[in-house]
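Residue numbers start at 1 and run along the sequence shown.
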Amino acid sequence: MALTGALTYKGLAISNAHLKVMQVHHRAVDTSTEAEDGTITWSKANHADYSARVYKDAAAYAANPDEAVYTISGTFTPSVAADAKDIVEQTYTHLKTLADYDELTDA
């Protein structure tokens, strides 16, 4: 899976960019809050930290995955529902919500 489409990076127009998720780490973070009466409440938050590379096109990715035009990274809150997509698919879905990548399509 990948995303493809037109992108602009530092003034460089990439007409058929190929965006490939390279890593996703799903982590659960436990945090506590303390009320004025001293009661402590614990909660859990899920995070997905990812990195993805952008290539000139799919052929450039196939020729050498280590030579990307640039790399992006970020974090989002993944779904852990029983019917949720896998974490990689959720990452691609998240990327398509970002302004720089919202016009890319599934490749």
* Verdict with reasoning, Thr4 to Asn16, per side-chain hydrogen bond (donor to acceptor under 3.5 Å, both in side chains) -> CA-CA 6 Å; Thr4 189; Asn16 197 21; 3.1 Å; yes

* How about Lys56: does its NZ atom have over 12 heavy atoms from other parts shown lying under 6.0 Å from it? -> no

* Asked: Between Tyr9 and Ile72, is there a shared hydrophobic cluster once you connect ILVMFWY residues whose side-chain heavy atoms come closer than 4.5 Å?
  -> yes

* Asked: Within the distance-only criterion (no hydrogens, no angle test), does the side chain of Tyr55 pair as donor or acceptor with the backbone N or O of Pro65 below 3.5 angstrom?
  -> yes

* To do: Establish whether Met1 and Leu98 are linked, either directly or via other cluster members, by ILVMFWY side-chain heavy-atom contacts under 4.5 Å.
  => yes

* **Straight-line distance of Tyr50 OH to Thr75 OG1, nearest 0.5 Å** => 7.5 Å

* To do: Would you confirm whether the ring centroid of Phe76 sits within less than 6.0 angstrom of the ring centroid of His47?
  => no

* To do: Starting at NZ of Lys44, measure out to CH2 of Trp42 and round the result to the nearest 0.5 Å.
  => 11.0 Å

* Value rounded to 0.5 Å, distance of CG in Leu104 from CG in Leu95 -> 8.5 Å

* **Among Gln90, Arg27, Lys85, the one residue meeting side-chain contact (heavy atoms from CB on, under 4.5 Å) with Pro78** => Gln90

* Asked: Is there a donor-acceptor pair under 3.5 Å between the side chain of Tyr61 and the backbone N or O of Lys20?
  -> no

* Are Val29 and Val80 linked, directly or through other ILVMFWY residues, by side chains that come within less than 4.5 angstrom of each other? -> no

* **Within 6.0 Å of CD in Glu89, more than 12 heavy atoms from elsewhere** => yes

* Asked: Where do Thr8 and Asp100 land on the side chain to side chain contact (heavy atoms under 4.5 Å, CB included) test, with the steps shown first?
  -> CA-CA 8 Å; Thr8 302; Asp100 289 343; over 6 Å; no

* Does Met22 belong to the same Ile/Leu/Val/Met/Phe/Trp/Tyr cluster as Leu3, with side-chain heavy atoms less than 4.5 Å apart forming each link? -> no

* Structure fact -> CD1 of Ile87 to OG of Ser79, rounded to nearest 0.5 Å, is 9.0 Å

* Any side-chain heavy atom of Asp49 sitting closer than 4.5 Å to one from Val24? -> no

* Asked: Rounded to the nearest 0.5 Å, what separation is found between the CG atom of Asp57 and the NE2 atom of His18?
  -> 9.0 Å

* To do: For the residue pair Thr41 and Glu34, establish whether any side-chain heavy-atom pair is separated by less than 4.5 Å.
  => no

* Asked: Would you call Ile40 and Thr33 a side-chain contact if the rule is heavy atoms closer than 4.5 Å?
  -> no

